[in-house]
Amino acid sequence: MTLQPTESKDYQIKMTEKEKMLAGEVYSAIDPQLLEELKVAREKIYEYNALRPSETDKMKEIIKDLFGHVVDDNFLINQPFRCDYGKQISIGKRF
C-alpha cells in the first residue's frame with residue numbers, strides 16, 4: 001500500500017492489485033505482478049501433473065513450494081491438480 005495525495009491534499013491509501021485481490025475487492029487480473037505469479041504457479045502445477053504417481057517425494061516438494069503453508073509431509077493430492085496462485089492454500093495434518 002502507498003499513500004497518494006488527493007486534490008484536497010488529504011492522503012488516500014493506494015492498494016496494489018494483489019492487495020485488492022486478497023481483500024476481496026475488485027482488481028485487475030491483468031496486473032503484471034499477478035500475471036507473473038500466475039505464470040510461476042502454472043509452471044509448478046504443470047510439472048506436478050506430469051510426474052509419475054510413484055514420484056511422491058517430488059510431488060510433495062512441489063506442493064510445499066506452491067502452497068502458502070503445509071503442516072507436515074503426511075498429505076496426498078491426486079493428479080491432475082489445478083489452482084490459480086497456490087500461495088493462499090494451506091493444508092493441515094493428514095490432508
Side-chain angles (χ1 to χ4, degrees):
M1 284 190 270
T2 59
L3 293 176
Q4 301 278 329
T6 63
E7 289 180 21
S8 66
K9 296 188 181 180
D10 293 330
Y11 282 85
Q12 177 182 12
I13 295 175
K14 175 92 170 131
M15 296 174 73
T16 66
E17 296 304 309
K18 183 175 181 176
E19 289 169 332
K20 291 177 191 175
M21 177 187 74
L22 294 173
E25 302 289 330
V26 175
Y27 68 95
S28 172
I30 60 169
D31 175 71
Q33 177 188 5
L34 292 178
L35 288 175
E36 179 62 24
E37 289 183 23
L38 187 61
K39 181 180 90 173
V40 169
R42 285 183 175 170
E43 288 291 330
K44 291 175 186 177
I45 293 165
Y46 179 87
E47 183 181 358
Y48 182 84
N49 287 330
L51 291 172
R52 300 183 67 78
S54 60
E55 296 178 281
T56 55
D57 289 342
K58 182 67 177 167
M59 287 178 171
K60 289 177 181 184
E61 179 184 317
I62 292 170
I63 291 297
K64 285 180 178 181
D65 188 42
L66 179 66
F67 285 10
H69 184 71
V70 177
V71 172
D72 65 21
D73 282 342
N74 194 14
F75 65 87
L76 173 67
I77 297 174
N78 291 323
Q79 300 158 301
F81 174 74
R82 291 187 51 97
C83 71
D84 287 331
Y85 300 97
K87 289 297 180 191
Q88 292 74 33
I89 300 172
S90 297
I91 58 175
K93 290 183 178 183
R94 298 173 41 194
F95 176 81

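All values derive from a computational prediction rather than experimental measurement. Heads up: numbering here begins at 1 and tracks the sequence.
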In this structure, would [X] and [Y] fall into the same cluster of hydrophobic residues linked by side-chain contacts under 4.5 Å?
X: Leu38; Y: Leu66; value: no
X: Ile45; Y: Tyr85; value: no
X: Val70; Y: Phe95; value: yes
X: Leu35; Y: Val40; value: no

Which pairs, with at least one residue in [range] and sequence neighbours excluded, count as a salt bridge (Lys or Arg N to Asp or Glu O under 4.0 Å)?
range: residues 85-95; answer: none
range: residues 71-82; answer: Lys64-Asp73
range: residues 23-41; answer: Lys18-Glu37, Glu36-Lys39
range: residues 48-63; answer: Glu47-Lys58, Lys58-Glu61

Of all heavy-atom pairs between [X] and [Y], which one has the smallest distance, and what is that distance?
X: Thr16; Y: Glu19; value: N-OE1, 2.8 Å
X: Ile89; Y: Cys83; value: CD1-CB, 4.0 Å
X: Met15; Y: Ala23; value: CE-CB, 4.0 Å

Results of side chain to side chain donor-acceptor pair (under 3.5 Å) for Asn78 - residues two or more places apart only: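 For Asn78, no residue satisfies side chain to side chain donor-acceptor pair (under 3.5 Å) once neighbours in sequence are set aside.
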Contacts of type side chain to side chain donor-acceptor pair (under 3.5 Å), residue Asp84, not counting sequence neighbours: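 Side chain to side chain donor-acceptor pair (under 3.5 Å) check on Asp84 returns nothing, list empty.
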Does the side-chain contact (heavy atoms from CB on, under 4.5 Å) test come out yes or no for Leu22 and Gln88, once each step is laid out? CA-CA 9 Å; Leu22 294 173; Gln88 292 74 33; 3.4 Å; yes
Can you label the angle between the Tyr48 ring and the Phe81 ring as parallel, tilted or perpendicular, going by 30° and 60°?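 Judged by the thresholds at 30° and 60°, the geometry between Tyr48 and Phe81 is perpendicular.
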Checking Gln79 side chain against Leu51 main chain: does a donor-acceptor pair fall under 3.5 Å?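 It does hold such a pair.
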